[in-house]
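Hydrogens, waters and symmetry mates play no part in the numbers below; they use all other heavy atoms, side chains included.
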There are 2 protein chains.
Amino acid sequence: MQQELKSEITKQLIINKAFSLFYEHGFKTTSIDKIMKETTLSKGAFYHHYKSKKELGLEVISLKVEKRVVNGMILPLKESGNAYQILQEVFVNRLKDFSIYDKQHGCPMNNLINEIGNNEVAYQKALKNIIEQWKTALVQLIERGKVENSIKKDISSKATAMYLISSFEGIRGIRKLYDTDVVIEEYISGLSFYLQQMKV
Amino acid sequence: MQQELKSEITKQLIINKAFSLFYEHGFKTTSIDKIMKETTLSKGAFYHHYKSKKELGLEVISLKVEKRVVNGMILPLKESGNAYQILQEVFVNRLKDFSIYDKQHGCPMNNLINEIGNNEVAYQKALKNIIEQWKTALVQLIERGKVENSIKKDISSKATAMYLISSFEGIRGIRKLYDTDVVIEEYISGLSFYLQQMKV
DNA sequence: ACATAAACATACTAACTGGTATTTTTTTTA
DNA sequence: TAAAAAAAATACCAGTTAGTATGTTTATGT
C-alpha cells in the first residue's frame with residue numbers, strides 16, 4: 001500500500017515535470033532524458049511506469065492540459081448568475097489574469113494542437129475531447145442565457161461557442177509573438193463588441 | 001551568370017521542399033537530411049547555400065509562408081468593391097476553398113507560431129511581421145468601409161481586425177482535430193453574425 | 001587553356017533520440 | 001525472515017540530429 005502510493009507520487013512527479021517542459025520547449029523537443037533529469041530519477045524509472053513517450057503525452061493531455069482548461073475556462077461557466085455576464089467575465093478575466101510567462105508561452109492546449117494535432121490520432125482525440133467539453137459548456141451557458149432572457153434567442157449557441165473558442169485560442173497564439181499586451185487589449189475590445197450584439 | 005541562376009534555382013528548390021515538409025511534419029522534426037533527400041541533392045549543397053537550419057527557416061517564413069498569407073488573405077482585401085462584402089467573402093471563401101490536405105494540416109503560419117513562436121526572437125519577428133501586414137490591410141479595408149458607408153463608424157478597426165485574425169487562426173488549428181467540416185461551418189456562422197453587426 | 005571560385009558530393013563527428021536488457025534496491029507478503 | 005514482486009538504476013543500442021572538413025566537379029573570368 002505504501003508502494004502503491006510511492007508509484008503514484010512518482011507518476012505525478014513525472015507528469016508535472018513533463019507538462020512544464022512540454023509547455024516551455026514543446027512536445028517534440030522535450031526528451032525523456034530531460035524530463036527524468038528534472039525528476040532526479042532515472043530513465044529506467046520512467047520506462048517502469050510508462051511504456052512510451054506517447055503514453056506519457058496522452059496522460060499529460062488528459063490530466064494536466066485538460067485540467068487547466070476545465071478549471072480556467074469551463075467550470076467558471078457553470079456557476080450561477082447572469083449568463084451574459086459570466087461569458088464576458090470568464091473570457092476577459094482569464095486573459096487578463098495570465099502571468100507574463102503564460103502570455104509568452106501561449107495556451108498549452110493550442111500549442112499541442114498545432115504542434116502534434118495532425119501527427120497521431122490518439123493525440124487528436126485527446127485534444128478534441130477537451131475542445132468538445134469546452135464547447136458543450138459554452139452551449140449550455142448560452143442556452144441558459146436565452147431562457148433567463150439575458151441572451152438573444154435567435155443566435156446559434158454552437159456557432160457562438162465555436163467562434164468564441166476559436167478567437168480565444170487564436171489570440172493566445174498570436175500573443176506569443178509580441179512583447180506587449182496591445183493585441184490582447186484589441187482582442188478584448190473586439191470580443192466585447194461581439195458579445196454586445198448577443199445581449200438582449 | 002548561368003551559375004547565379006543555377007544557385008537561385010537550387011535555393012528555390014530547397015525552400016520549396018522545406019516548406020512542404022515543415023507544413024506536413026512540423027519544423028523541429030524535419031531534418032536537413034530529409035529536406036535534401038527530397039531535393040536529390042546532398043547535405044554539402046545545403047550548407048553551401050545556407051549557414052544553418054535557422055537561416056533556412058527564416059527564408060521559408062519570409063518567402064513561402066508570408067506569400068501564402070499575402071496571396072490568400074491580404075491582397076484580396078485591397079481589391080475595389082464594397083468593403084463589407086469583401087471582408088465577408090475573403091474570410092468565408094478562403095476557408096471553403098481549402099483542400100482537405102490544408103484543412104487537416106492547418107495554417108502553416110499558425111503552426112509555426114505555436115511550435116516555434118517563443119523559441120527564437122528571429123522567428124518571432126518574421127512571423128509577427130506577417131500578422132502586422134494582415135492587420136494593417138484589414139484596418140485599411142475597415143476604414144475604407146466606414147468612408148464608403150458600408151461599415152459602421154463607431155467600431156474600432158484595430159480591435160475588429162485583431163478579433164477576425166484571432167478567430168481565423170484559431171479555427172484553422174481546431175479543425176486539425178476533426179475529420180469533418182462541422183466546426184468550420186459553425187465558425188462561419190459565428191463569423192457572419194459578428195460581421196453583421198458592423199454592417200451599416 | 002588556365003587559375004579561381006562557385007556548386008555540389010562524400011565522409012565524418014559529437015551529441016542526442018526513444019527504447020531495451022539487465023542489475024540493484026526497496027517494499028510486500030506469506 | 002525468506003521469497004517474490006515492484007521500483008529504480010546502470011549500461012547499452014541503433015538511428016538520427018545539426019553541423020564540419022575535405023574532397024571533386026563545373027562554370028567563369030582572364
Side-chain angles (χ1 to χ4, degrees), chain A residues 1-61 112 115-116 119-123 126, chain B residues 1-61 112 115-116 119-123 126:
Chain A
M1 193 52 94
Q2 187 186 327
Q3 204 171 44
E4 216 170 291
L5 183 72
K6 195 181 180 186
S7 172
E8 189 50 41
I9 287 171
T10 299
K11 286 190 81 176
Q12 285 302 320
L13 179 64
I14 294 173
I15 289 178
N16 285 331
K17 297 294 183 186
F19 172 79
S20 299
L21 288 172
F22 291 163
Y23 188 27
E24 174 128 20
H25 304 292
F27 179 77
K28 290 168 182 172
T29 41
T30 299
S31 65
I32 306 298
D33 282 319
K34 285 176 193 160
I35 295 167
M36 295 316 284
K37 190 166 273 178
E38 283 280 304
T39 63
T40 66
L41 288 172
S42 69
K43 203 165 191 171
F46 176 83
Y47 281 98
H48 175 70
H49 293 284
Y50 295 96
K51 75 170 210 281
S52 65
K53 186 184 178 183
K54 182 177 163 184
E55 191 179 271
L56 171 67
L58 290 172
E59 283 223 357
V60 168
I61 293 173
L112 288 171
E115 192 193 345
I116 59 171
N119 283 32
E120 285 271 357
V121 193
Y123 297 140
Chain B
M1 192 51 96
Q2 187 185 327
Q3 204 171 44
E4 215 171 289
L5 184 71
K6 195 180 181 187
S7 171
E8 189 50 39
I9 288 171
T10 298
K11 286 189 81 175
Q12 285 302 319
L13 179 64
I14 294 173
I15 289 177
N16 285 333
K17 297 294 183 186
F19 172 79
S20 299
L21 289 173
F22 291 164
Y23 189 27
E24 175 129 21
H25 305 292
F27 179 78
K28 290 169 181 171
T29 41
T30 299
S31 64
I32 306 299
D33 281 319
K34 285 176 194 159
I35 295 167
M36 295 316 285
K37 189 166 274 179
E38 284 280 304
T39 63
T40 67
L41 288 173
S42 68
K43 202 164 194 172
F46 176 83
Y47 282 98
H48 174 71
H49 292 284
Y50 295 95
K51 76 170 210 280
S52 64
K53 187 183 179 183
K54 181 177 163 184
E55 192 179 88
L56 172 66
L58 289 172
E59 283 223 357
V60 168
I61 293 173
L112 288 170
E115 192 192 345
I116 58 172
N119 283 32
E120 284 271 355
V121 193
Y123 296 141

From CD1 of B/I14 across to P of D/dA18 the rounded distance in Å is 14 Å

A/L13 CG to D/dA8 C1', straight-line distance once rounded to whole Å: 13 Å

B/E55 side chain to B/K51 backbone, donor-acceptor under 3.5 Å: yes

So, is B/S31 near the phosphate of D/dT16, with a side-chain N or O under 4.0 Å from OP1 or OP2? no

Whole-Å distance, B/Q12 CD to C/dA7 P, equals 14 Å

Could you tell me which residues satisfy side chain to side chain contact (heavy atoms under 4.5 Å, CB included) with A/L41, sequence neighbours excluded, listed by chain and number? A/T10, A/L13, A/M36, A/T39, A/A45

In whole angstroms, how far is the P atom of D/dC13 from the CG atom of A/D33? 16 Å

Atom NZ of A/K11 and atom C1' of D/dA8 are separated, to the nearest Å, by 15 Å

Pairing residues for B/K11 by the salt bridge (Lys or Arg N to Asp or Glu O under 4.0 Å) criterion, not counting sequence neighbours: B/E59

OP1 or OP2 of C/dC8 versus the side-chain N and O atoms of B/T10: is any pair under 4.0 Å? yes

Near DNA chain C, counting only heavy atoms under 4.0 Å, which residues of residues 35-51 of chain A show up? A/K43, A/Y47

Given D/dA18, C/dA7, C/dG18, the nucleotide with the shortest approach to the side chain of B/I32: D/dA18

In whole Å, what is the span from the CG atom of B/L56 to the P atom of D/dT17? 15 Å

Does B/K43 have any salt bridge (Lys or Arg N to Asp or Glu O under 4.0 Å) partners at least two apart in sequence or in another chain, and if so, which? B/D33

Given C/dA7, is OP1 or OP2 found less than 4.0 Å from the side-chain N or O atoms of B/K6? no

Could I get the full list of salt bridge (Lys or Arg N to Asp or Glu O under 4.0 Å) partners for A/E120, not counting sequence neighbours? A/K54

Separation of atom NZ in B/K28 from atom C1' in D/dA18, rounded to whole Å: 15 Å

Report the distance from atom CD of A/E8 to atom C1' of D/dA6, rounded to the nearest whole Å. 15 Å

With sugar-phosphate meaning primed atoms plus P, OP1 and OP2, does A/K34 contact a base, only sugar-phosphate, or nothing at under 4.0 Å between heavy atoms? sugar-phosphate

So do A/Y50 and A/I32 actually touch side chain to side chain, heavy atoms under 4.5 Å? no

Checking B/F27 now: which residues fulfil ring-ring contact (aromatic ring centres under 6.0 Å, His included) with it, not counting sequence neighbours? B/F22, B/Y123

